[in-house]
Amino acid sequence: GRVVPIMHSGAFMQFLARLDVVLREATRMDRPAWFGWEIASYRQELFAVDATVAKDPEMERIMERYLVGLSQRLRLDEPVAWSHVEVNRTSPTGGDSPLGNLVADAIRMRNRVRTDFALTNSMGIRDNIPPGLVTLEQLFNVFPFENSIATLFLSGVEVQELFDFVAARSAGRGCRSQAQIAGATFTMRCDCSETVVDGCCAGAAVSETGGMGCAEEIMINGNALDLGESYELAANDYIASGGSGFEVLERNTTQFDTGISLRDAMADYLRSMPECDASQVPADLR
């Protein structure tokens, strides 16, 4: 019966939140003594962390040795590619995203990988690629985790289970795809329920978020899924080990961790792309 206010101040250190709370003894608020103290009132205020915030000299001094260490280990300003437009990690339709497709292609087509299809969790891609020069630092923003590429052999039945789970997990989150893929296509159904059981919904999966969904019209490399066939998948090691509820991958015994980081695979893939029209690139960056 206790009221618990839950506060959230965004992500990526865009806001700093201040929370002021007034506490009173429970007995003064007509509550049993065992409640201890109760929140009488509270107020949250958000402060934008942007260019209007003055730099703090003491914090800059503390950070200096870390910045020097980073510059010695990594060339964060190293150019990787050039993009004429912003490459977004989300899609307005809730399905494929431009950056999601790019990442999945980079995983699937990496040397020493090259699998039938690739899949990565949408939330593992943490930032957009802005227009202009793409640097190594921006790829660290896209991939802040040290994830590597794992390969697995799945039966057709496991592929069906995998995409059914993606549909169910996505259904529990507003039918926004929780996976990005390459080398495969499927129709994601998020309308399954106890009363909607037509088509694949008759055997709909249920995710840990409570969503019900299933996958139809699954194609691998342009061919309809064969439940009796075997397919090789490339995925990040986080979901391969069962992260985000991907149990169908966790219990697979054919897993092999290539040790190739997603960040390196992405950088190599971008470098391998055809050069853009130099006339569209600012003169100081040609």
Side-chain angles (χ1 to χ4, degrees), residues 9-16 49-51 53-89 97-115 118-151 180 182 234-241 243-244 255-276 281-282 284-286:
S9 51
F12 305 110
M13 199 55 199
Q14 293 175 325
F15 296 94
L16 182 69
V49 181
D50 55 23
V53 179
K55 293 183 179 181
D56 183 85
E58 178 63 15
M59 182 56 70
E60 285 194 304
R61 185 189 66 78
I62 294 172
M63 291 296 298
E64 185 176 4
R65 67 188 183 95
Y66 294 101
L67 294 173
V68 170
L70 270 176
S71 64
Q72 290 175 341
R73 289 184 55 195
L74 299 164
R75 286 184 54 203
L76 292 178
D77 59 350
E78 177 185 347
V80 176
W82 174 270
S83 179
H84 299 298
V85 296
E86 182 173 33
V87 188
N88 290 296
R89 68 189 183 102
S97 73
L99 186 52
N101 286 332
L102 193 62
V103 170
D105 280 336
I107 293 172
R108 178 181 176 234
M109 301 305 295
R110 179 62 160 81
N111 289 338
R112 294 172 41 216
V113 178
R114 296 191 177 275
T115 55
L119 182 146
T120 191
N121 56 318
S122 299
M123 288 303 295
I125 304 171
R126 290 304 180 101
D127 201 4
N128 301 330
I129 292 180
L133 188 66
V134 181
T135 65
L136 183 59
E137 182 174 11
Q138 286 162 343
L139 294 188
F140 269 91
N141 291 335
V142 174
F143 302 113
F145 313 113
E146 294 302 318
N147 290 125
S148 58
I149 300 174
T151 59
Q180 301 293 317
N236 72 60
D237 63 332
Y238 168 71
I239 62 172
S241 61
S244 295
Q255 289 191 41
F256 173 72
D257 191 332
T258 65
I260 301 169
S261 81
L262 266 62
R263 194 182 305 115
D264 288 346
M266 183 69 165
D268 290 344
Y269 188 66
L270 291 176
R271 291 189 185 105
S272 71
M273 287 187 165
E275 292 186 9
C276 58
V281 179
D284 59 332
L285 293 175
R286 290 177 191 171

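- Heavy atoms of other residues, nucleotides or ligands lying less than 6.0 angstrom from CZ of Arg271 number more than 12.
- Looking only at side-chain heavy atoms (C-beta outward), Val113 and Arg108 stay at 4.5 Å or farther from each other.
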Would you check, one step at a time, whether the test side-chain contact (heavy atoms from CB on, under 4.5 Å) holds for Asn236 with Phe145?
CA-CA 11 Å; Asn236 72 60; Phe145 313 113; over 6 Å; no

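- For the pair Asn88 and Pro98, the tightest heavy-atom approach, listed with the atom from each and the gap, is O-CD, 3.4 Å.
- In this structure, Arg110 is not positioned above the aromatic face of Tyr269 in the sense of NZ or CZ being under 6.0 Å from the six-membered ring centre and within 45° of the axis.
- Distance check, rounded to the nearest 0.5 Å: CE of Met109 to CG of Asp268 gives 13.0 Å.
- Between Leu99 and Met266, the closest side-chain pair of non-hydrogen atoms falls below 4.5 Å.
- Rounded to the nearest 0.5 Å, atoms CG (Leu102) and CD1 (Ile107) are 10.5 Å apart.
- When the salt bridge (Lys or Arg N to Asp or Glu O under 4.0 Å) test is applied to Glu137, no partner is found at least two apart in sequence or on another chain.
- Closest heavy-atom contact between Ser122 and Gln180: OG-NE2, 3.1 Å.
- Using a distance-only test at 3.5 Å, with no hydrogens or angles considered, a donor-acceptor pair links the side chain of Ser97 to the main chain of Arg89.
- Here the CG atom belonging to Leu136 is positioned 6.5 Å from the CG atom belonging to Leu74, to the nearest 0.5 angstrom.
- Val142 approaches Pro144 most closely through the heavy-atom pair O-CD, 3.4 Å.
- Residues Leu139 and Ile129 come closest through the heavy atom pair CD2-CD1, 4.5 Å.
- When side chains are defined from C-beta on, Gln138 does not count as touching Asp127, because their heavy atoms never get closer than 4.5 Å.
- At least one donor-acceptor pair closer than 3.5 Å links the side chain of Gln255 to the backbone N or O of Ala240.
- Here the closest heavy-atom approach between residue Met59 and residue Asp56 is recorded as N-OD2, 2.8 Å.
- The CZ atom of Arg112 sits 6.5 Å away from atom OG1 of Thr258, with the distance rounded to the nearest 0.5 Å.
- Across all their heavy atoms, Ala81 and Leu270 have their closest contact at CB-CB, 3.9 Å.
- Counting only heavy atoms from C-beta outward, the side chains of Val103 and Phe143 approach each other to under 4.5 Å.
- Of the options Ile149, Asp237, Ile125, a side-chain contact (heavy atoms from CB on, under 4.5 Å) to Leu262 is made by Ile149 and by none of the others.
- The backbone N or O of Pro130 lies less than 3.5 Å from no partner atom in the side chain of Asn128, so there is not a single donor-acceptor pair.
- Residues satisfying the side-chain hydrogen bond (donor to acceptor under 3.5 Å, both in side chains) criterion with Thr115, sequence neighbours excluded, are absent altogether.
- In this structure, Arg114 contributes its side chain and Asn111 its backbone to no donor-acceptor pair below 3.5 Å.
- Residues Glu58 and Arg61 are paired through a salt bridge, judged by an N-O separation under 4.0 Å between the basic side chain and the carboxylate.
- For the side-chain hydrogen bond (donor to acceptor under 3.5 Å, both in side chains) test, residues two or more places apart in sequence or in another chain that qualify with Asp50 are Thr52.
- With values rounded to the nearest 0.5 angstrom, Leu16 atom CG is found 7.5 Å from Ser9 atom OG.
- Other residues, nucleotides and ligands contribute over 12 non-hydrogen atoms within 6.0 Å of the CD atom of Glu60.
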